[in-house]
Amino acid sequence: MKKGEIREGIVEQVKFPNKGCVRLLPAEGESAEYVTVKNVIPGQKLSVRITKVRKGKGEGRVLELLEPSLDETEAPCPHFGSCGGCLYLSLPYDKQLSLKEAQVKELLEEALAGQEEPWVFEPARPNPRPYAYRNKMEFSFGDEVKDGPLSLGLHKRGGFYDIVTVSGCRIVDEDYRRILQAVLSYFREREISYFHRLSHEGYLRHLLVRKASITGELLVALVTTSQMEEQKEGKLLEGFADTLEALELEGKIAGILHIRNDSVADVVKSDETTVLRGQDFFYEELLGLRFRISVFSFFQTNSYGAQVLYQTARDYIGDLGKKDCVVYDLYSGTGTIAQLMAPAAGKVIGVEIVEEAVEAARENAKENGLSNCEFIAGDVLKVLDGIGEKPDFIILDPPRDGIHPKALQKIIRYGVERMIYISCKPTSLARDLEVLTANGYRVERACCVDMFSWSGNIETVCLLSRRNA
């Protein structure tokens, strides 16, 4: 194969998270060649342009879907294929779950190839609500084509600038769709400009919507630049809030916020936050506990799936062995897992680098009447050296990149008998498991929990124990 060639091929396998292995159809007398193509489904026949060839390995991009996979059905979302949000929406749910489960199993089997002790990979836990499951969405303002009408939604697949208005999105409920349409219409009618990522000019940036799946409370935050005269902006924001409050929604709006962000980066962050109506937080409930969530609080984006995830972790942990045991919850976020473990432990110590999340964790523990939880703000790598109490059990729930190698060595040196590793990125988990199993630990059991239906992502829970413990 040569760079720039257009070839036909069959997708034989997809590796995590979205890397398709495409067998190019050989000419007569030629041997088969393979190329990596993103965002494809096993069994599809494709027309592919070769974009890179190095050391016999190729990469390509899809030009045309020639034949769908035999497993594919018509996607239930009108934006599928153009929107970059969902990858497997044209597969039946059980098929996409099996696909992701197989990807994780392959990664873990490779990582644990040197482990002599047997381990169990359990069937994946399905999302209890495959559609309308998300409790948080960050919509972007922009246009779908250059100089086109204002759009509000998600980035086009494979693009950075183009925005698809996802008014029919299926991974959120009707309240999100009504809010999106109303806000887009409001600003279109007034011809308000969006922030251009190249010129750094314009006003509208993002619309952040959070909804508690269990309580039904909503937070809506408009993110803009400061590029508008104060009096004009005040009138515009009043009308924006009035528009939202006039909507007929299944849930109830707890707060409407305005966030100023003059950062060049395309991220949702706050230089200044103003509450236009109501308050800047709402409450969500999980497994009998109540959690206060603000606009930037870390909280699992699928409340229904989170209950399955945390129940699985709690089942894996089982009996902690002694009432006065000390549990470390590292990368603790808003303290959800720590508080679920508190009734069975003497003390739970959570460590989280985001200070706002730590404050929320403290408030949540107080709200739930838990006095044996301590939350520390700081980097796990640095904080561990300053904690006096040594752990009897460790729970790990790191960000996508996994655990810093030096922090992992400190964790290993505690020598706890058992630990739980919860991961949202199987490749990072596999890397860290290789280190853990090379340093005296073994995996006993593992399983996937589908928190992100139709995307390429999935959560994994692993129970590890110390050899000869």
Salt-bridge present ([X], [Y]; N to O < 4.0 Å):
X	Y	answer
Glu5	Arg49	no
Glu363	Arg292	no
Glu174	Arg178	yes

Check whether more than 12 heavy atoms from other residues, nucleotides or ligands sit under 6.0 Å from atom [atom1] of [X], and answer yes or no.
X	atom1	answer
Glu272	CD	yes
Arg400	CZ	yes
Lys269	NZ	yes

Would a distance-only check, ignoring hydrogens and angles, find a side-chain to backbone donor-acceptor pair under 3.5 Å from [X] to [Y]?
X	Y	answer
Arg197	Asp266	no
Asn261	Val267	yes
Asp143	Ser151	no
Ser455	Phe452	yes
Arg210	Ser297	yes
His206	Leu208	no
Arg23	Val11	no
Glu101	Cys448	no
Thr334	Phe298	yes
Asp271	Asp262	yes

Please work out whether the ring planes of [X] and [Y] are parallel, tilted or perpendicular, with thresholds of 30° and 60°.
X	Y	result
Tyr176	Phe139	perpendicular
Trp119	Phe121	perpendicular
Phe187	Phe141	perpendicular

Interatomic spacing from [atom1] in [X] to [atom2] in [Y] - rounded to 0.5 Å:
X	Y	atom1	atom2	value
Leu429	Leu107	CG	CG	8.5 Å
Glu245	Arg277	CD	CZ	4.5 Å
Gln339	Leu287	CD	CG	12.0 Å
Arg61	Leu46	CZ	CG	13.0 Å
Leu330	Ile395	CG	CD1	9.0 Å
Arg7	Leu25	CZ	CG	8.0 Å

Do the side-chain N and O atoms of [X] and [Y] include a donor-acceptor pair separated by under 3.5 angstrom?
X	Y	value
Glu356	Ser294	yes
Thr165	Glu144	no
Gln13	Glu106	yes
Glu352	Ser332	no
Tyr421	Asp432	yes
Ser69	Gln44	no
Arg129	Tyr304	yes
Thr224	His258	yes
Tyr93	Asp450	yes

Just to verify, which of Arg157, Lys156, His155 counts as forming a side chain to side chain contact (heavy atoms under 4.5 Å, CB included) with Asp162?
Lys156
Picking from Ser82, Cys83, Ser140, what satisfies side chain to side chain contact (heavy atoms under 4.5 Å, CB included) with Leu154?
Cys83
For Lys252, which residues count as a salt bridge (Lys or Arg N to Asp or Glu O under 4.0 Å) partner, sequence neighbours excluded?
none
In the structure I gave you, are the side-chain heavy atoms of [X] and [Y] within less than 4.5 Å of one another anywhere?
X	Y	answer
Lys406	His404	yes
Tyr194	Tyr203	no
Ser453	Tyr133	yes
Leu433	Cys462	yes
Val351	Asp329	no
Ile412	Val435	yes
Arg260	Thr225	no
Ile394	Ile411	yes

Six-ring centre of Phe375, Arg362 cation under 6.0 angstrom, axis tolerance 45°
no
Stepwise, does the side chain to side chain donor-acceptor pair (under 3.5 Å) test hold for Asn135 with Asn302?
CA-CA 6 Å; Asn135 59 32; Asn302 179 351; over 6 Å; no
Do Phe80 and Trp454 make the cut of ring centroids closer than 6.0 angstrom?
no
Could you walk me through whether Ser428 and Asp401 satisfy the side chain to side chain donor-acceptor pair (under 3.5 Å) test, starting with their C-alpha distance in whole Å, then the side-chain angles of each, then the deciding distance to 0.1 Å, before giving a yes or no?
CA-CA 6 Å; Ser428 298; Asp401 289 338; 5.1 Å; no
Check against side chain to side chain donor-acceptor pair (under 3.5 Å), Glu72 and Ser90
CA-CA 5 Å; Glu72 285 186 88; Ser90 61; 2.8 Å; yes
Which heavy atom of Ala361 sits nearest to which heavy atom of Gly333, and what is that distance?
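What the structure gives for the nearest pair is CB-O, 4.2 Å.
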Given the rule in the side chain to side chain contact (heavy atoms under 4.5 Å, CB included) test, do Phe240 and Tyr186 qualify, once you have shown the distances and angles that lead to the verdict?
CA-CA 7 Å; Phe240 162 72; Tyr186 177 78; 3.9 Å; yes
Met451 vs Ile458, test: side chain to side chain contact (heavy atoms under 4.5 Å, CB included). Steps then yes/no.
CA-CA 6 Å; Met451 299 276 288; Ile458 195 163; over 6 Å; no
Please walk me through it: do Leu396 and Ile403 pass side chain to side chain contact (heavy atoms under 4.5 Å, CB included)?
CA-CA 9 Å; Leu396 304 166; Ile403 303 171; 3.8 Å; yes
Go through it in stages, so that I can follow the logic: the residues are Tyr310 and Gln300, the test is side chain to side chain contact (heavy atoms under 4.5 Å, CB included), and I'd like the CA-CA distance, side-chain angles, deciding distance and then a yes or no.
CA-CA 11 Å; Tyr310 295 144; Gln300 290 286 359; 3.2 Å; yes
